[in-house]
Amino acid sequence: SGVIAATNYVFNVLPGMTGLTVVLKVKDNDVSNHPATLSPSSNSFDIRGTIAITAQPGTPGQLFTVGDPISIGWGASGATSFDVYYKIGSGSEVKLNGGPVTSPYNFNALSAMVGNSITLKVKDNNTTDHPAAESAASNSFDVRGTITVGAFTINGQAVSSGQTFTVNNPVSISWSN
């Protein structure tokens, strides 16, 4: 903004410039004393936004159980819609959300997330108009599954509290996870 008398100008890339095939032009702003003058477009280039996690999903090494609530928060410049991905150890990234999300993103630990060293990443959802941008990985955490013991029998009898059985009686047990 304002009048620039020099033949060069230094500025920081603005968040509104995020996109693919961005070009720069120089324009003579003094149209009252000069005919309108505009430079040809510069070579095109891409500008990627930035995303940084501001609220970690947990402390490093924290243990969650399937169904526990987890939340991640982030700040961004040059991006307005996001996807959240998880990765177990050195495995592949898996998208958590169905459509674009905003910060903070809250979800419950999924049974597919059972494992050690799980990390989350936030990515720019708009890769049609923007170059791919993503946050660094979150703190790593662990997710354990759940096991529910169902009915079981010993020596052919349904077990209830207070019964006594003998060593070597056959046991049949079932569970779900």
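Along the sequence shown, the residues carry numbers beginning at 1.
I53 contributes atom CD1, which lies 3.5 Å from atom OG of S135 (distance to the nearest 0.5 angstrom). Residue K123 holds its NZ atom at 11.5 Å from CG of N97, rounded to the nearest 0.5 Å. Between F82 atom CZ and T102 atom OG1 the span is 8.5 Å, to the nearest 0.5 Å. The distance from atom CE of M113 to atom CG of L96, rounded to the nearest 0.5 Å, is 5.5 Å. Taking CD of Q157 as the start and CZ of F165 as the end, the distance is 5.0 Å to the nearest 0.5 Å. With rounding to the nearest 0.5 angstrom, the CD1 atom of I147 is 8.5 Å from the CH2 atom of W175.
The minimum heavy-atom distance between G115 and I88, with the atom names listed, is CA-CG2, 4.2 Å. Of all non-hydrogen atoms in T127 and D124, the two that sit nearest each other are CG2-O, 3.8 Å.
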Q.
Could you go through K87 and E93, starting from their C-alpha distance and side-chain angles, then the distance that decides it, and tell me whether this counts as salt bridge (Lys or Arg N to Asp or Glu O under 4.0 Å)?
A. CA-CA 5 Å; K87 181 170 85 165; E93 292 179 341; 5.5 Å; no

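Annotation: side chain of V101 is in contact with side chain of V84 (closest heavy-atom distance under 4.5 Å).
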Could you list the donor-acceptor pairs under 3.5 angstrom formed by side chains in residues 58-80, with sequence neighbours left out?
unit_1, atom_1, unit_2, atom_2, d
Q62, OE1, T59, N, 2.9
T65, OG1, R144, NE, 2.9
D68, OD2, T65, N, 2.8
S71, OG, N106, OD1, 2.6

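Atom CG of N168 has 12 or fewer heavy atoms from other residues, nucleotides or ligands within 6.0 Å.
Screening T166, I173, V171 for a side chain to side chain contact (heavy atoms under 4.5 Å, CB included) with I154, the sole residue that qualifies is V171.
The closest donor-acceptor contact from the side chain of S140 to the backbone of S117 lies at 3.5 Å or more, if one exists at all. Checking side-chain atoms of R48 against main-chain N and O of A132 turns up a donor-acceptor pair under 3.5 Å.
In the hydrophobic clustering of ILVMFWY residues, with side-chain heavy atoms under 4.5 Å counting as a link, Y85 and Y105 come out apart.
Residues D83 and K95 are paired through a salt bridge, judged by an N-O separation under 4.0 Å between the basic side chain and the carboxylate.
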